[in-house]
Amino acid sequence: MFETLTRRAALLVGLLLAFLQTCTFPWHWFGAEGDEALYVLLSRSLLQGRYGLEVLPGDPGFYEVTPGWPLLLLPAAAFSGDSSFGYQAWAALWLALCDFLVFFWARRRLGTRGGLAVTALFALNPLVLSRAGVVMPELPGLALTLAALLLVDRPGPASGPGLGALLGLCYLVRPALLPLVPACGAALWSRGRRREAAWALGSAAAVWAAWRLFVSSRGGFSDAGEAFAALSGAGWRGWPKAALFNAAEAVTLWGRTLT
């Protein structure tokens with residue numbers, strides 16, 4: 001009985017936090033972050049069986065962006081049409097999902113009360129609130145990451161192929177999450193769950209390879225290839241300079257976000 005009441009209280013707290021986050025909707029002009037409009041156009045293109053921006057003659061394929069977030073945006077594209085509110089509301093739901101996933105992850109370590117405290121700290125963090133309703137891949141990427149971590153932390157056996165597919169989706173939503181694949185594989189391997197680790201790594205690699213082969217077969221842009229070509233042209237001396245530049249840009253972006 002007490003456990004049932006605790007679960008209900010946790011659900012109510014989660015809904016309250018989601019409501020408070022909704023009240024912080026940025027309501028900025030759509031496309032303020034630049035790539036928001038790009039993801040929306042790609043999602044609307046997917047509804048018609050293509051993958052382009054529909055603004056260029058002949059509507060050529062646009063493969064510079066992985067299709068994960070445009071795919072997840074399909075419900076908003078199907079029902080909201082030209083209204084930006086539908087896309088922003090859909091993005092807000094992903095933030096609410098992050099709240100609940102943070103709670104489930106923290107509860108395993110700290111119990112229900114500790115999980116609620118951690119969730120509240122996450123949900124009301126100014127950095128998190130600044131992303132409320134923003135149609136960018138950070139929040140769905142975070143939700144998928146939390147789901148993957150929950151699968152890795154399962155006390156019983158998990159589905160290696162299922163985890164690998166989820167990790168592959170993480171990459172398709174946000175390519176910066178690619179390091180999550182070896183990290184989860186190493187975590188499973190260190191716990192003696194080597195069969196699951198092998199399946200997860202293999203499945204995620206298959207998703208990554210399928211997308212890269214698809215892009216290369218259509219002469220698409222390769223961000224990794226372009227970066228390697230640029231660094232190779234600069235010589236090996238360019239690698240430390242590029243690393244320092246990227247680190248400085250990361251700190252700058254962090255500071256701008258907090259302010």
Side-chain angles (χ1 to χ4, degrees), residues 39 42-43 46 51 61-74 94-95 97-109 118 122 136-232 236 239 242-243 246-247 250:
Y39 289 115
L42 289 174
S43 182
L46 282 174
Y51 194 64
F62 189 81
Y63 307 119
E64 289 87 342
V65 175
T66 51
W69 184 219
L71 278 170
L72 296 178
L73 276 174
L74 282 177
W94 282 95
L95 177 55
L97 177 60
C98 287
D99 295 339
F100 286 98
L101 290 173
V102 167
F103 169 72
F104 292 136
W105 184 84
R107 185 180 62 175
R108 289 181 178 177
R109 292 161 173 76
V118 170
F122 165 81
M136 292 289 284
E138 289 88 352
L139 291 178
L142 177 59
L144 295 173
T145 298
L146 290 168
L149 295 178
L150 283 170
L151 286 179
V152 171
D153 283 346
R154 283 183 61 177
S159 170
L163 174 60
L166 181 59
L167 292 172
L169 181 58
C170 286
Y171 162 74
L172 292 179
V173 169
R174 199 173 186 206
L177 293 176
L178 187 60
L180 185 66
V181 176
C184 289
L188 290 173
W189 190 277
S190 66
R191 299 174 188 180
R193 299 158 64 177
R194 298 182 178 181
R195 182 181 178 86
E196 294 174 43
W199 273 109
L201 292 173
S203 301
V207 173
W208 175 86
W211 170 247
R212 301 315 309 175
L213 287 173
F214 175 80
V215 172
S216 62
S217 68
R218 284 160 172 74
F221 170 85
S222 171
D223 48 359
E226 289 290 325
F228 184 77
L231 289 172
S232 299
W236 291 106
W239 289 75
N246 287 334

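These numbers come from a predicted model, not from an experiment. Just so you know, these numbers use all the heavy atoms, side chains as well, and skip hydrogens, waters and symmetry mates.
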Got L71 and Y51 here, is their nearest side-chain heavy-atom distance under 4.5 Å? no
Has R193 got a side-chain atom pairing as donor or acceptor with V152's backbone, closer than 3.5 angstrom? yes
Enclosure of R195 CZ (heavy-atom neighbours >12, cutoff 6.0 Å): no
Where L177 and G141 come nearest, the two heavy atoms and their spacing: CD1-O, 3.6 Å
Rounded to the nearest 0.5 Å, how far apart are CG of L166 and OG of S203? 11.0 Å
On a heavy-atom basis, which atom in V181 and which in L201 lie closest, and how many Å separate them? O-CD2, 3.5 Å
Minimum heavy-atom separation for P137 and V173, please, with both atom names. CB-O, 3.5 Å
List for me each residue that meets side chain to side chain contact (heavy atoms under 4.5 Å, CB included) alongside W105, sequence neighbours excluded, and say none if there are none. R109, L149, L150, D153
Could you check V207 against L169 for side chain to side chain contact (heavy atoms under 4.5 Å, CB included), going step by step and ending with a plain yes or no? CA-CA 8 Å; V207 173; L169 181 58; over 6 Å; no
Flag the pair L72 / W94 as yes when at least one side-chain heavy-atom distance between them is below 4.5 Å, and no otherwise. yes
Any chance you could lay out the side chain to side chain contact (heavy atoms under 4.5 Å, CB included) test for F103 and F122, step after step, and finish with the verdict? CA-CA 9 Å; F103 169 72; F122 165 81; over 6 Å; no
What distance separates L178 CG from L172 CG, expressed to the nearest 0.5 Å? 10.5 Å
Out of curiosity, L151 CG to L146 CG, how far, rounded to the nearest 0.5 Å? 11.5 Å
For W199, does the CH2 atom sit with more than 12 other heavy atoms under 6.0 Å from it, leaving out its own atoms? no
Locate the shortest heavy-atom distance separating A197 from G185; write the atom from each residue and the value. CB-O, 3.5 Å
To the nearest 0.5 Å, what is the distance between CG (L163) and SG (C184)? 5.5 Å
Smallest separation among heavy atoms of L180 and C170, with atom names: CD2-SG, 4.1 Å
Pair M136-Y39, side chain to side chain contact (heavy atoms under 4.5 Å, CB included): steps then yes or no: CA-CA 8 Å; M136 292 289 284; Y39 289 115; 3.9 Å; yes
Taking every non-hydrogen atom, the tightest pair across G168 and A204: N-CB, 4.2 Å
